Amino acid sequence: MSAPAPSPLAVVDAEPLPRQEEVLTEAALAFVAELHRRFTPRRDELLARRAERRAEIARTSTLDFLPETAAIRADDSWKVAPAPAALNDRRVEITGPTDRKMTINALNSGARVWLADFEDASAPTWENVVLGQLNLIDAYTRNIDFTDPRSGKSYALKPAEELATVVMRPRGWHLEERHLTFEGRPVPGALVDFGLYFFHNAQRLIDLGKGPYFYLPKTESHLEARLWNEIFVFAQDYVGIPQGTVRATVLIETITAAYEMEEILYELRDHAAGLNAGRWDYLFSIVKNFRDGGAKFVLPDRNAVTMTAPFMRAYTELLVRTCHKRGAHAIGGMAAFIPSRRDAEVNKVAFEKVKADKDREAGDGFDGSWVAHPDLVPIAMASFDAVLGEKPNQKDRLREDVSVAAGDLIAIDSLDAKPTYDGLHNAVQVGIRYIEAWLRGLGAVAIFNLMEDAATAEISRSQIWQWINAGVVFENGEAATPELARKVAAEELAAIRAEIGEEAFAAGKWQQAHDLLLHVSLDADYADFLTLPAYEQLVG
């Protein structure tokens, strides 16, 4: 590879970070600039297409499988490329941001895969963006350790053969990276995250017997998957590694993508590693797309919508069948519980729920599943071990018994549960607490014994918005109104102030979080993503 010309990218409004020159090299920035030049125009077109499709859903209140791609679905001959050895057994995956301590703990966790997250579990401060990349470089070169300044506890990597395989998740297509610009325009965050990681680590990972593996978030169509595939083809040629070295697992966390699962795998077939079934972002997408569809699309409290709800069951079973038909891995959802060090009874009840959830996924044919805490790895592992035994996956279970009609995926009114006042209160509580932490640069936040990320805040604010705009009346007789939301939010803010004390309250971003939650929950013009207005307020 010839020496690149100086990068046309500018680093703006960013305080210098320790060792940033190891990440922001001229060669790496030149690669990101080339990605931006070639692919951002198509990304812009696809974002515009999202808005057009949303307008069509608003007009019709329905979705269907695409008639123009029926031949792809009907053709039984194509499969995705076989999984590389490092991604063949994915029975437990742990998720989390790429701070130094988490990097070590996740790699050491005993999980087969670590989702190294630059997306929903990471607030995109420049420090998190750059130092997260540095931490992964240091992990691959075994140049990483960490001592907790509070406890004095030290952390170091286990032997290489005991470490999880890394699958990195860049930001979604909608987010910009304001600190890297080209001719005054921000570069898409997805291209920054992917580009820096791929450029520095692709060959290094191959030398370690693994490869550059990715999770692709917020995908809404097979055309967006096609764009990623074009990026992979270009990137592999650029650094001189074989085509097909990159592998991507796509999160099916939007309702539109649920109707295009086969087409998404087809577009990525030389680079596809599987599909993943999310929960909060999927529900958020349903609310977003069908928010003016009337009472039949009104979701009950988020915690009442489990994966056993009929429309969620249709989604997960279709995902397993689709993946296995095409030779891809099907990865299940998140167990977000965080064990309590003080309450054994809370742990007992939660562990039983986690076990039941993972037993169901393994029994349904999933090849693996997610957890948010190392203590949950053995529980999830036991559920999949019981079904898989020595087999790396169960892609031979074709689930040909599954038959899902287009209407099954949006049969929201098949649920008996209704929105409750407690559900409103919980949405406000969690929304304020999460947004406050995010504005301080934390993307993965422990709230009420659950590890929450941006998807939690999205479904919380979306439910408040939907219930108010649908005129929901709660079981206590109170109507969901802007006034009620403001009252509950004010009470929660006062409760937080009393709980943590004046000094901690003043040091935080509580009022700002309260105001932002109400803005995105009450504004008549529904914001596509909470993180868009939030990013404007994120310092750093």
Side-chain angles (χ1 to χ4, degrees), residues 279-288 290-312 336-337 346 349-350 353 411-437 445-500 505 510-511 513-524 526-527 530:
R279 183 174 168 200
W280 295 148
D281 261 325
Y282 189 74
L283 295 176
F284 154 53
S285 174
I286 290 173
V287 174
K288 180 197 297 193
F290 291 95
R291 61 183 181 266
D292 31 30
K296 69 177 184 175
F297 289 105
V298 172
L299 284 171
D301 302 0
R302 68 181 178 111
N303 291 318
V305 188
T306 67
M307 289 304 218
T308 59
F311 69 97
M312 296 297 279
F337 178 68
V346 165
V349 172
K353 286 183 179 177
I412 313 304
D413 54 355
S414 62
L415 279 177
D416 291 331
K418 298 285 187 284
T420 69
Y421 178 81
D422 281 348
L424 174 70
H425 186 244
N426 179 260
V428 170
Q429 276 187 307
V430 173
I432 291 175
R433 289 167 188 256
Y434 181 81
I435 293 170
E436 192 277 334
V445 187
I447 304 174
F448 307 142
N449 282 94
L450 294 174
M451 185 60 77
E452 307 288 19
D453 68 9
T456 308
E458 292 285 25
I459 185 59
S460 295
R461 65 97 179 188
S462 297
Q463 294 211 284
I464 299 167
W465 193 100
Q466 184 186 48
W467 295 345
I468 290 171
N469 283 273
V472 163
V473 177
F474 298 119
E475 78 288 351
N476 64 359
E478 289 197 78
T481 62
E483 294 71 31
L484 179 61
R486 290 190 187 97
K487 171 175 167 286
V488 172
E491 291 170 351
E492 176 59 14
L493 201 61
I496 290 168
R497 186 192 295 262
E499 174 190 326
I500 67 176
F505 186 88
W510 296 102
Q511 187 67 51
H514 163 278
D515 295 351
L516 182 54
L517 176 69
L518 289 180
H519 169 68
V520 294
S521 300
L522 304 183
D523 195 339
Y526 179 96
L530 159 69

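Just so you know, these numbers come straight off a predicted model, no measurement behind them.
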Under 4.5 Å between any side-chain heavy atoms of [X] and [Y], yes or no?
X	Y	answer
D523	W465	no
R486	L522	yes
P419	L424	no
Y526	R461	yes

Which atom of [X] lies closest to which atom of [Y], heavy atoms considered:
X	Y	value
R433	I496	NH2-CG1, 3.6 Å
Q466	L299	OE1-N, 3.1 Å
L415	P310	CD2-CD, 4.2 Å
A457	Y434	CB-CD2, 3.7 Å
L484	A479	CD2-O, 3.3 Å
E492	I432	CG-CD1, 4.1 Å

To the nearest 0.5 angstrom, please state how far the OG atom of S521 sits from the CD1 atom of I468.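 It comes to 7.0 Å.
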Output the distance between atom CG (L530) and atom CG (L516), rounded to the nearest 0.5 Å.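 With rounding to 0.5 Å, CG (L530) is 5.5 Å from CG (L516).
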Where does the angle between the aromatic ring planes of Y421 and F474 fall among parallel (under 30°), tilted (30 to 60°) and perpendicular (over 60°)?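 Geometry flag for F474 against Y421: perpendicular rings.
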Check the orientation of F297 and F290. Use parallel for under 30°, tilted for 30 to 60°, and perpendicular for over 60°.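 Ring orientation of F297 relative to F290: parallel.
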Do you know which of N426, N303, D301 makes side chain to side chain contact (heavy atoms under 4.5 Å, CB included) with T420?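 Output: one option passes, namely D301.
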Between W510 and A494 (side chain of the first, backbone of the second, donor and acceptor by atom type, cut-off under 3.5 Å), is there such a pair?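 Checked: no pair found.
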Kindly indicate, with the supporting measurements, whether the criterion side chain to side chain contact (heavy atoms under 4.5 Å, CB included) is fulfilled by R279 and M307. CA-CA 8 Å; R279 183 174 168 200; M307 289 304 218; 4.1 Å; yes
So, K487 and E483, do they make that salt bridge, N to O below 4.0 Å?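 Looking at K487 and E483, the cut-off is not met.
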Is E458 paired with K288 through a side-chain N to carboxylate O contact shorter than 4.0 Å?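 So K288 does not pair with E458 through a salt bridge.
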Mind checking side chain to side chain donor-acceptor pair (under 3.5 Å) for N476 and listing every partner two or more places apart, or none if nothing turns up?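 Applying side chain to side chain donor-acceptor pair (under 3.5 Å) to N476 gives E478.
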cation_pi(R302, F284) dist<6.0 Å, angle<=45: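 No cation-pi geometry.
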Test ring-ring contact (aromatic ring centres under 6.0 Å, His included) applied to W280 - qualifying residues, sequence neighbours left out: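 For W280 there are no ring-ring contact (aromatic ring centres under 6.0 Å, His included) partners, ignoring immediate neighbours.
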